[in-house]
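Heads up, the thing below is written out as structure tokens.
All chains are named by letter (A, B, ...) in the order of the sequence lines, taking the proteins before the strands, and each is independently numbered beginning at 1.
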Amino acid sequence: MANNTPHAIRGTQDIFGADAEAFAFVVETFEHMRKLYRFRRAEMPVFEKTEVFARSIGETTDVVSKEMYSFEDRGGESLTLRPEFTAGIARAYLTNGWQQHAPLKLVTHGPLFRYERPQKGRYRQFHQIDAEIIGAAEPQADVELLAMADQLLKELGVADGVTLQLNTLGDADSREAWRSALVGYFRDVQGELSEDSQERLEKNPLRILDSKDPRDRKFVADAPQIDDFLSGEAQDFFGAVIGGLDAAGVAYERNKALVRGLDYYRHTAFEFVTDRLGAQGTVLGGGRYDGLMESLGGPATPAVGWAAGIERLAMLVGERSEAELEVAVVAENTEREGEAARLVSIYRNAGVVAELFATGSPRKRFDRAMKVNPAAVVSLDIRDGEKREAIKHIRENARVADIFAAFVTHE
RNA sequence: GCGAUCGUAGCUCAGUUGGUUAGAGCGCCGGUUUGUGGUACCGGAGGUCGGGGGUUCAAGACCCCUCGAUCGCCCCA
């Protein structure tokens, strides 16, 4: 290992081979799904003014200061590499007059950046697919989004062992009432909670509900539940989502401890969770964020969306092989390299996956062709001063044989 | 920010309670086989064992520091 070669940044990765194929499969399947559901593509900048994300995430949390990749540009303006898609999409929606398209069904995908300690399924530069419906207040929007997510996981072949966990956070009033009831409840047993949760009580009490510490867990079971604080409208909304999921045949599990830390989340919250990815079990997550547009200075705009980590999905997808080589064309004699190149080109123009073996020792070219497991090997050689052509079929392929036959007769 | 585990050829890994010239497979390079077969056989190159310090007659192995990776905690927009 040359020790003066620059190394990759911690938490970044070079994706190659079977992993890269799995990654591409996830993106291709997602593209297929979004066309099926008629979501439109959008591409957003990878960086924005820091305030776009700071306002979306809440300037008080230390997420902003500690976990974002922020820097000053030459004009002294603070910019940040996007840590999520939603804030940038919301900004684009407001600044480009996309209100005229409401309700707008949008997807995007690409890299995101968070300054975190890498671990299984968590990287500093990672990639997500993302789907949003903006300007739709109806529960049908939540259902459509969930149905698309559910079908995507099935098409990817990863639905086994993945369950959809569903919850409601209610409207703004329900949410606030629940929150203060939780604070009151946990304050009474504060001394018996874990150190982490004692701190959560001040900063983010909802998070105590999904604490892993056994000292917290025994109190969580009897904690106040959102259902007791839901307004009539909030109950109706959640009921409509559940009814829609049943109608669409989407299976789910109620998880009353599933929460979102930020205030602008309302009503539906959901996560598709697996136990096959270690501590990072959430494969796809999202919810309704009716309050976000206003915190970015826009008009009240209902919206719902989800995002999923491409790397995590790719891990579940497992090994994906590269496209099969249909024909390997071998120039076993230097003088036949030109013809071999021409034949490869004929194959490729006809849509046949072909590769040329015409470098290195002529004696070893046939062997090297065999090693890449082609469906057929075509050999062009000169034996005793005479041209010879041969085709060896490992797996039958009529097009390969026909093109070879035509090529030989025209020599 | 905290903790645990791990760093040996390009890659995947062996390497005994510390013992003399550090190994294998794959890959790479060279050679042999004039063959409708040959993904074979033979050979070669490639490593100051992550880096630095220490213990010892002797360290890839033991101790300390450091860097990196992995997994977990925190956090999770």
Open item on the list: Between Lys371(A) and Asp367(A), does the salt bridge (charged side-chain N to carboxylate O under 4.0 Å, His left out) criterion hold? Intermediate values first, please.
Closed with: CA-CA 6 Å; Lys371(A) 279 188 185 178; Asp367(A) 289 27; over 6 Å; no

Task: Arg175(A)/His267(A) under side-chain hydrogen bond (donor to acceptor under 3.5 Å, both in side chains): CA gap, chis, key distance, verdict - done: CA-CA 9 Å; Arg175(A) 184 195 164 102; His267(A) 298 292; over 6 Å; no

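Contact annotation for Glu332(A): base contact, defined as any heavy-atom pair under 4.0 Å involving a base atom. Nucleic acid contact for Ala390(A): base, since at least one base atom lies under 4.0 Å from a heavy atom of the residue. Using a 4.0 Å heavy-atom criterion, one finds that Glu84(A) contacts the sugar-phosphate atoms exclusively.
Between the CG atom of Asn204(A) and the C1' atom of rC74(B) there is a distance of 13 Å, rounded to whole Å. The distance from atom CD1 of Ile394(A) to atom P of rG37(B) is 12 Å, rounded to the nearest whole Å. The CZ-P distance, from Arg207(A) to rC74(B), rounds to 11 Å in whole Å. A straight line from CG of Leu209(A) to C1' of rC76(B) spans 15 Å, rounded to a whole angstrom. Here rA69(B) presents its P atom at 10 Å from CD1 of Ile9(A), a figure rounded to the nearest Å. The distance between atom CZ of Phe366(A) and atom P of rU32(B), rounded to the nearest whole Å, is 19 Å. Computed from coordinates, the Lys364(A) NZ to rU32(B) C1' distance equals 9 Å when rounded to whole Å. Distance CZ (Arg363(A)) to P (rU34(B)): 7 Å, rounded to an integer number of Å.
The side chain of Arg114(A) has rA77(B) as its nearest neighbour among rC74(B), rA40(B), rA77(B). Here the nucleotide nearest the side chain of Pro118(A), chosen from rC74(B), rU70(B), rA77(B), is rU70(B). The nucleotide whose nearest atom lies closest to any side-chain atom of Lys371(A) is, among rC74(B), rU39(B), rA77(B), rU39(B). In the set rU34(B), rA77(B), rG68(B), rG68(B) carries the atom at the smallest distance from any side-chain atom of Arg10(A). The side chain of Arg200(A) lies closest to rC75(B) when the candidates are rC75(B), rG37(B), rA77(B).
Under the Watson-Crick or G-U wobble criterion, with both distances below 3.5 Å, rC57(B) is paired with rG19(B). As the counterpart of rG27(B), no nucleotide is assigned, since no Watson-Crick or G-U wobble pattern has both distances under 3.5 Å.
Here Asp227(A) pairs with Arg254(A) in a salt bridge; the nearest charged N to carboxylate O distance falls below 4.0 Å. Salt-bridge annotation for Glu332(A) and Arg336(A): absent, with no side-chain N of the basic residue lying under 4.0 Å from a carboxylate O of the acidic one.
For Pro111(A) against Arg82(A), the heavy-atom pair with the smallest separation is O-NE, 2.8 Å.
For the P atom pair drawn from rC28(B) and rC71(B), the interatomic distance equals 30 Å after rounding to whole Å.
Residue side chain Arg122(A) reaches the base of rC75(B) through a donor-acceptor N/O pair under 3.5 Å, judged by distance alone.
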